[in-house]
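Written below as structure tokens is the structure these notes are about.
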Amino acid sequence: MSVPDIKESYAEFADGMDRLEWLDRLIMGRYRRRRFGDVEGKVLDVACGTGTNFRYLPETVELVGVDISPEMLANAETQLGDLGRSATLREMDAQDLKFSDDSFDAVISALSTCTFPNPVAALHEMSRVCKPDGTIRLVEHGRSSVRPIARLQEWRADTHYAKSGCRWTQEPREIVNAAGLSVEDASTAMFGMITTLEISPEQGAER
Ligand SMILES: C[S@@+](CC[C@H](N)C(=O)[O-])C[C@H]1O[C@@H](n2cnc3c(N)ncnc32)[C@H](O)[C@@H]1O
């Protein structure tokens with residue numbers, strides 16, 4: 001799917017995803033909190049969607065959220081109001097971030113690289129806008145390490161992609177490796193379907 005196709009899909013999903021956020025908190029909340037809960041300074045949430053990550057970030061951070069979908073961002077704005085927090089939200093393609101090099105202390109993203117048409121380009125952009133001593137944090141889904149579950153995922157992969165543009169058997173670590181970035185720390189959960197990563201921004205590459 002192209003970026004405009006994905007944008008159109010998420011215009012449809014935005015309100016449904018917002019309504020189901022309680023379920024995400026139940027299932028994914030702990031992984032988001034563990035991977036994102038200690039970021040500091042100026043933080044960029046790439047493909048922030050409805051703002052699901054926001055509640056897990058320290059109150060002290062200076063938060064910027066970007067997403068390709070104005071409908072998702074509208075829900076993120078409401079989420080900020082509900083949480084009593086402030087942030088700058090901008091419509092932007094993760095593969096072409098409109099920020100200068102070394103702008104952020106931390107770049108975070110959740111459940112997103114699976115929908116970017118060019119996830120390696122998006123990771124290079126995350127790395128470019130992150131300070132050299134900063135940190136990139138991801139919470140992603142991928143192919144299960146349990147064979148029957150992986151088979152089920154593979155069976156539904158094409159249908160799921162056609163509906164949402166999401167490659168749900170994509171392996172997050174392979175994308176990070178393809179981008180030439182170093183993984184500092186990783187964890188997996190939910191039968192290998194969830195991977196959380198702490199990554200170092202590349203030093204000067206792709207700039
Ligand atoms: C599954 S949602 C995840 C949203 C949020 N990060 C979360 O964890 O709930 C994927 C998000 O990626 C956004 N997205 C997809 N392609 C994008 C792109 N090229 N640039 C920016 N955002 C994009 C979608 O609009 C959607 O909000």
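Excluded from the calculations below are hydrogen atoms, water molecules and symmetry mates; all remaining heavy atoms, backbone and side chain alike, are included. Since the structure is predicted, the reported quantities are computational estimates derived from the model, not experimental observations.
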> Less than 4.5 Å apart, any side-chain heavy atom of Cys114 and any of Cys166?
Replying inline: yes

> With the threshold set at 4.0 Å, does a side-chain nitrogen-carboxylate oxygen contact exist between Arg151 and Glu154?
Replying inline: no

>> Once rounded to the nearest 0.5 Å, what's the spacing between atom CE of Met193 and atom OG1 of Thr169?
In response: 12.5 Å

>> Is any side-chain heavy atom of Pro172 closer than 4.5 Å to one of His141?
In response: no

> Do Ser100 and Ser103 meet the criterion of a side-chain donor-acceptor pair at a distance under 3.5 Å?
Replying inline: no

> Would a 4.5 Å heavy-atom cut-off, applied to side chains only, mark Cys48 and Phe54 as touching?
Replying inline: yes

> If you take all heavy atoms of Val107 and Cys130, which pair is closest and at what distance?
Replying inline: CG2-CB, 3.8 Å

> For the side chain of Asn177 and the backbone of Arg173, is there at least one donor-acceptor N/O pair under 3.5 Å apart?
Replying inline: yes

> Distance only, no hydrogens: is a donor on one side chain within 3.5 Å (strictly under) of an acceptor on the other, for Arg137 and Thr135?
Replying inline: yes

> Distance from Asp102 atom CG to Ser127 atom OG, nearest 0.5 Å?
Replying inline: 9.0 Å

> Can you tell me how far CG of Asp45 sits from OH of Tyr56, rounded to the nearest 0.5 angstrom?
Replying inline: 12.5 Å

>> Any side-chain to backbone donor/acceptor pair from Asp67 onto Gly49? Under 3.5 Å, distance only.
In response: yes

> Hey, does Ile108 have a side-chain heavy atom less than 4.5 Å from the side chain of Val43?
Replying inline: yes

> In this structure, which one of Asp24, Thr52, Thr196 forms a side-chain hydrogen bond (donor to acceptor under 3.5 Å, both in side chains) with Arg32?
Replying inline: Asp24

> To the nearest 0.5 Å, how far apart are CZ in Arg143 and CD in Gln153?
Replying inline: 7.5 Å

> Would you say Asp93 and Lys98 make side-chain contact, with heavy atoms under 4.5 Å?
Replying inline: no

> With no hydrogens and no angle check, is any side-chain donor or acceptor of Thr115 less than 3.5 Å from a backbone partner on Ser112?
Replying inline: yes

>> For a 4.5 angstrom cut-off between non-hydrogen side-chain atoms, does Thr188 reach Ile194?
In response: no

> Side chain of His124, backbone of Ala179: donor and acceptor closer than 3.5 Å?
Replying inline: yes

> Do you reckon Phe36 sits in the same ILVMFWY cluster as Leu44, going by side-chain contacts under 4.5 Å, direct or chained?
Replying inline: no

> Which heavy-atom pair separates Ser144 from Ala150 by the least distance, and what is that distance?
Replying inline: O-CB, 3.5 Å

>> I'd like to check Asp101 versus Val129 (side-chain heavy atoms, cut-off strictly below 4.5 Å). Are they in contact?
In response: no

>> Taking the basic N atoms (NZ, or NE/NH1/NH2) and the acidic carboxylate oxygens, is any pair closer than 4.0 Å for Lys42 and Asp105?
In response: no

>> Other residues, nucleotides and ligands only: do more than 12 of their heavy atoms fall within 6.0 Å of CZ on Arg25?
In response: yes

> Within the distance-only criterion (no hydrogens, no angle test), does the side chain of Gln95 pair as donor or acceptor with the backbone N or O of Asn118 below 3.5 angstrom?
Replying inline: yes

> What residue among Glu71, Glu12, Glu91 forms salt bridge (Lys or Arg N to Asp or Glu O under 4.0 Å) with Lys7?
Replying inline: Glu91

> Would you say the side chain of Leu138 lies within less than 4.5 Å of the side chain of Val176, judging by non-hydrogen atoms?
Replying inline: yes

> Under 30°, 30 to 60°, or over 60°: which ring-plane class applies to Phe99 and Phe104, parallel, tilted or perpendicular?
Replying inline: perpendicular

> Which pair of heavy atoms, one from Ile175 and one from Val120, lies closest together, and at what distance?
Replying inline: O-CG2, 4.1 Å

>> Keeping Arg128 on the side-chain end and Leu123 on the backbone end, is there a donor-acceptor pair under 3.5 Å?
In response: no

>> I'd like to know whether CD of Glu8 has more than 12 heavy-atom contacts from other residues, nucleotides or ligands below 6.0 angstrom.
In response: no

>> Under a 3.5 Å cutoff, is there a donor and acceptor pairing between the side chains of Glu140 and Thr195?
In response: no

> For the residue pair Leu181 and Ile199, what are the closest heavy atoms and their distance?
Replying inline: CB-CG2, 3.6 Å

> Does the side chain of Gln79 come under 3.5 Å of the side chain of Arg55 through a donor N or O and an acceptor N or O?
Replying inline: yes

> Do you know which two heavy atoms are closest between Gly51 and Ala76, and how far apart they sit?
Replying inline: N-CB, 3.8 Å

> Are Leu197 and Met126 co-members of a hydrophobic cluster defined by side-chain heavy atoms under 4.5 Å apart?
Replying inline: yes

>> With a sphere of 6.0 Å drawn around CG of Asp158, does it hold more than 12 non-hydrogen atoms of other residues, nucleotides or ligands?
In response: no

> Where do Pro201 and Pro132 come nearest, in terms of heavy atoms and distance?
Replying inline: CG-O, 3.7 Å

> Will you find, in the side chains of Asn75 and Thr78, an N or O donor that is under 3.5 Å from an N or O acceptor?
Replying inline: no

> So Met1 and Ser9, side-chain contact (heavy atoms from CB on, under 4.5 Å) or not? Walk me through it.
Replying inline: CA-CA 10 Å; Met1 273 197 197; Ser9 296; 4.1 Å; yes

> Between CG of Asp185 and OG of Ser200, what distance do you get to the nearest 0.5 Å?
Replying inline: 11.0 Å

> Going hydrophobic residue to hydrophobic residue with side-chain gaps under 4.5 angstrom, can you get from Leu83 over to Leu80?
Replying inline: yes

> Can you get from Trp168 to Val146 by hopping between Ile, Leu, Val, Met, Phe, Trp and Tyr side chains that sit under 4.5 Å apart?
Replying inline: no

> Are Leu97 and Phe116 joined in one hydrophobic group, where the rule is that I, L, V, M, F, W and Y side chains link up if heavy atoms are under 4.5 Å apart?
Replying inline: yes

> How many angstroms lie between atom CG of Asp18 and atom OG1 of Thr50, to the nearest 0.5 angstrom?
Replying inline: 5.0 Å

